[in-house]
Amino acid sequence: MKIIKVRNYEEMSDIAAEYVTTLIKEKPDTVLGLATGSTPIGLYKRLIKDHNENKTSYENIKTFNLDEYIGLDKNNSQSYHYFMHEHLFKNININKKNIYIPNGFAKDINKECIEYNEKLKNNVIHLQILGIGSNGHIGFNEPGTSFSSEVHVVKLDENTRKANSRFFNQINEVPTYSITMGIKNIMEAKQIILLASGNQKANAIYDTIHGEVTENVPASILRTHPNIIVIVDEEASSLV
Ligand code: F6R
């Protein structure tokens with residue numbers, strides 16, 4: 001586990017963007033695993049800036065998102081489809097057919113899980129970007145999720161719903177269920193970059209780096225990944 005401590009969110013985003021753009025330039029058919037939430041927004045801004053200024057091309061890049069809420073259609077402004085479109089995809093030259101996000105509005109969610117899992121099996125993710133929940137979740141794999149889990153439906157923790165309610169008008173609008181890549185899917189990525197910024201992530205980062213590897217802290221499994229970089233700012237690494 002390589003740990004890079006930086007001063008703040010801006011530096012974290014700069015370094016993450018440097019890794020991603022370097023890889024894409026070397027390997028124009030990279031398969032990226034992507035996250036939503038506040039953490040990667042700065043990274044996505046920098047990827048867009050680099051695309052505009054340096055013409056880095058996403059024509060042959062494929063992306064797989066970690067998760068999606070169940071019950072929100074793709075055009076709902078709180079869906080992760082919408083988030084990704086707004087924060088990244090509409091601003092780069094990615095081919096729509098190369099974008100994969102679980103469909104949380106599928107009629108048959110179990111079938112959607114199986115199909116998304118199949119797609120992941122048929123594609124190796126070269127670089128997975130991760131954020132972390134203050135309870136140590138990765139994707140929507142909440143504490144207690146099996147390390148051998150694949151794509152599945154999750155009942156969200158009340159803490160996670162509370163944390164995510166900042167994007168909604170009120171907490172009862174936050175969906176109760178989501179579909180997520182499992183921990184096994186995440187661990188199959190060739191390389192992982194975990195990003196964390198802010199005080200509220202300090203305990204989770206401490207547990208991930210120094211605690212026991214336990215299903216009670218889903219991110220702790222990342223310590224066993226052969227190629228993981230953790231980019232943490234001063235606040236998130238204050239206990240490390
Ligand atoms: C999002 C995801 C989540 C977030 C985590 C942190 O696709 O998988 O695990 O990375 O909840 O969220 P933020 O970045 O909003 O603090």
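Whatever order the structure lists them in is the order used to number ligands and atoms, beginning at 1.
Side chain of H225 to main chain of A189: a donor-acceptor pair is present (N/O by atom type, distance under 3.5 Å, no hydrogens or angles). Side-chain N or O atoms of T39 include none that pairs as donor or acceptor with a backbone N or O of G131 at under 3.5 Å. Proximity of a side-chain donor or acceptor of Y9 to a complementary backbone N or O of G42 within less than 3.5 Å is detected. Of the possible donor and acceptor atoms, one in the side chain of E11 sits under 3.5 Å from a partner among the backbone N and O of R7.
Polar contact with ligand 1: absent for N164 (N/O pair, distance under 3.5 Å). Taking distance alone, with nitrogen or oxygen atoms compared against 3.5 Å, D67 approaches ligand 1 more closely than that limit.
Applying the 4.0 Å criterion to heavy atoms of G37 picks out, from ligand 1, the atoms 14 (O), 15 (O). Of all the atoms in ligand 1, the ones that sit under 4.0 Å from a non-hydrogen atom of K201 are 6 (C), 13 (P), 16 (O). Those atoms of ligand 1 with a heavy atom of T39 less than 4.0 angstrom away are 13 (P), 14 (O), 16 (O).
T160 and E142 form a side-chain donor-acceptor contact under 3.5 Å, judged by distance and modelled atom types alone.
The shortest contact between atom 6 (C) of ligand 1 and any protein heavy atom is with I132 O, 3.3 Å. The nearest heavy-atom contact from the protein to atom 1 (C) of ligand 1 is T36 OG1, 3.2 Å. Nearest non-hydrogen protein atom to atom 3 (C) of ligand 1 is G139 O, 3.5 Å. Closest to atom 5 (C) of ligand 1, if we only count protein heavy atoms, is H137 NE2, 3.4 Å. Distance from atom 10 (O) of ligand 1 to its nearest protein heavy atom, with residue and atom name: G131 CA, 3.3 Å.
Contacts between R166 and ligand 1 below 4.0 angstrom, taking non-hydrogen atoms only, involve the side chain exclusively. Contacts between L66 and ligand 1 below 4.0 angstrom, taking non-hydrogen atoms only, involve the side chain exclusively. Heavy atoms of T160 found under 4.0 angstrom from ligand 1: none, in either backbone or side chain.
With sequence neighbours left out, the salt bridge (charged side-chain N to carboxylate O under 4.0 Å, His left out) criterion links K49 to E53.
With respect to the salt-bridge test (charged N to carboxylate O, under 4.0 angstrom), the residues E118 and K121 do not qualify. Look at E10 and R46 and you find a salt bridge, because one of the NZ, NE, NH1 or NH2 atoms lies within 4.0 Å of a carboxylate O, short of that distance.
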Would F140 and Y177 satisfy ring-ring contact (aromatic ring centres under 6.0 Å, His included), going step by step from the backbone distance to the final call? CA-CA 10 Å; F140 269 136; Y177 290 91; over 10 Å; no
